[in-house]
Amino acid sequence: MTTDKRPTGLRKGLATYGDAGFSLFLRRAFIKAMGFTDDALDRPIIGLTDTMSDFNPCHGNVPDLIEAARRGIMLAGGLPMAFPTISIHESFSHPTSMFLRNLMALDAEEMIRAQPMDAVVLIGGCDKTLPALMMGAASANVPAIVLPTGPMLVGHHKGEILGACTDCRRLWAQHRAGKIDEAEIDTVSGRLAPTRGTCMVMGTASTVAAMAEAAGLALPGAGTAPAVHADRLRLAEASGATAVRLAREGTTLRDLLTPASLHNALVVLQAIGGSTNALIHYTAVAGRLGIRLDLDAFDAIGREVPVLVDLKPSGAGYMEHFHHAGGVPRLLKELAPFLDISARTVDGGTIADAIAAAEEVANQTVIRSARNPIAVGGGLAVLHGNLAPLGALIKRSAATPALLQHEGRAVVFDGLEDMAARLDDEALDVTPDDILVLRNAGPIGAPGMPEAGYIPIPKKLARAGVTDMVRISDARMSGTAFGAIVLHAAPEAAAGGPLALVRNGDRIRLDTEARRLDLLVTEEELAKRRAAWLPPAPPPGADRGYLRLYREQVTQADQGCDFAFCLPGAHA
Ligand code: FES
């Protein structure tokens with residue numbers, strides 16, 4: 001908690017004119033153009049990140065959330081000030097949203113720091129946006145509360161409940177296999193995302209939001225309440241009021257996101273069978289605070305903590321079902337033996353208080369007990385071995401169990417273009433027992449580490465009924481996807497990692513139980529291949545601008561793919 005006497009409200013961070021009195025006078029003069037009184041301008045100022053964009057339907061409810069948050073701020077005696085930030089939607093970001101996450105984090109950090117706010121409500125939701133806002137707020141070290149936009153309601157098609165985007169992938173795979181025709185897939189495109197809000201499966205957006213609640217950075221219920229429910233508006237109002245209290249106390253993310261609360265968030269990540277992306281994002285957020293997320297400690301959590309939440313892609317339900325079953329507080333109650341329940345929460349209490357207030361919903365089946373889990377041994381496993389010296393990840397809970405232990409012949413794709421050109425070629429030498437390898441799709445290689453790790457099953461195998469194969473890459477995967485898919489192999493191929501050395505026909509062994517991923521080629525042969533390796537040519541435009549900055553500064557997955565110069569004490 002901050003106890004110093006730095007300027008607050010309108011007096012914070014004055015523009016530099018060489019005369020502080022004049023700077024403040026000028027600021028007041030300009031802002032009075034908006035009709036503010038001196039009384040209003042003397043209140044604690046609470047910033048609201050306006051991440052609304054016509055390109056971002058996941059944030060379509062942001063104007064309503066801002067209005068509700070303004071109400072809460074004013075009821076608590078503060079002055080709300082909304083300001084725009086970059087907005088990133090998954091399917092409207094070329095080449096990939098991850099390429100832009102760090103740009104949004106830079107924008108958020110500097111706008112929070114530059115403008116005079118005593119606290120900020122971080123309103124975001126679509127996958128990269130909340131991580132970017134948290135990274136920025138952590139570095140700006142201004143009191144902050146997380147307000148997710150919330151998940152969409154479910155869709156319906158031919159009597160089946162479905163939603164974005166696990167079912168997008170499942171139904172598209174059926175279309176590729178010739179089981180769904182053009183007319184039906186067109187109809188389905190209007191039913192997968194039926195309301196505003198984030199994807200309503202346990203994808204990245206849902207995972208990041210649920211973890212923020214478990215880490216005590218968002219109010220109880222904020223991780224799960226549907227985007228279009230009145231609950232979400234009430235949470236916005238309460239988040240605004242809470243931000244005024246945080247401003248008065250000086251409580252920042254640094255005070256709340258401690259090793260204990262990060263541990264609690266990671267326990268929840270395992271128990272919800274959450275998105276692999278969330279691990280990268282929380283590594284980056286914690287990294288901004290100087291906390292190193294230990295992958296092996298995370299894996300150890302996974303060996304103890306069962307998957308308890310029955311949501312797609314690991315289970316059957318959707319986020320609104322999780323919310324109505326009691327949401328994160330009810331889950332925390334089941335997980336209490338694994339948690340540090342003394343960890344503080346943004347509402348002024350502790351995780352123990354959240355658990356005590358958890359709702360008991362009779363006969364709900366979404367949040368299981370440890371005696372009746374969806375899966376034992378956690379959702380995510382961390383792999384090491386000669387193919388991933390800095391680690392790789394597999395989402396055990398969404399994989400075909402028989403493929404978790406597998407040895408096969410490598411079928412290698414040198415990059416996204418190569419994969420697009422050859423994957424569906426009828427002449428491709430591939431069998432269901434082979435292991436598909438995609439490289440040069442990591443943070444530097446693609447660039448931006450796209451969600452290409454969900455390598456489609458080659459068409460000729462899909463037609464023959466093959467639904468899963470072992471797939472390995474240095475890319476990421478959508479949190480909504482499923483399969484025996486190894487991701488984030490680090491260091492990536494474009495940085496000279498061992499994935500660059502794999503050749504067609506090599507044998508690869510995946511041993512998830514032993515947490516190993518190995519290329520079964522002798523060290524002598526690998527040394528020869530390493531000596532002959534040349535890095536891929538940089539993409540067009542890599543000599544200037546953001547692409548140049550990105551390629552020079554981005555770190556590997558084990559450091560959250562943050563920019564090296566943004567880490568505390570960086571001398572890059
Ligand atoms: Fe925005 Fe899925 S596309 S959360």
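Residues take their numbers from the sequence shown, with the count starting at 1. Both ligands and their constituent atoms are indexed starting at 1 by order of listing.
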When you check the gap from the basic side-chain N to the acidic O, do Arg196 and Asp64 get nearer than 4.0 Å?
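Here Arg196 pairs with Asp64 in a salt bridge, since their nearest N and O are under 4.0 Å apart.
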
Salt bridge or not for Arg439 and Glu492, using N-O below 4.0 Å?
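Judged by the 4.0 Å cut-off on N to carboxylate O distance, Arg439 and Glu492 do not form a salt bridge.
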
For Glu182, look at atom CD and say whether over 12 heavy atoms of other residues, nucleotides or ligands are found less than 6.0 Å away.
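No.
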
Atom CD of Glu67: over 12 foreign heavy atoms under 6.0 Å
no

What residue among Ile280, Asp474, Ile444 forms side chain to side chain contact (heavy atoms under 4.5 Å, CB included) with Met449?
Ile280

Looking just at side-chain N and O atoms, do Ser87 and His89 make a donor-acceptor pair shorter than 3.5 Å?
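On atom types as modelled, these side chains do not qualify, holding no pair under 3.5 Å.
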
Determine how many protein N/O/S atoms sit closer than 2.8 Å to atom 1 (Fe) of ligand 1, leaving waters out since they are not shown.
2

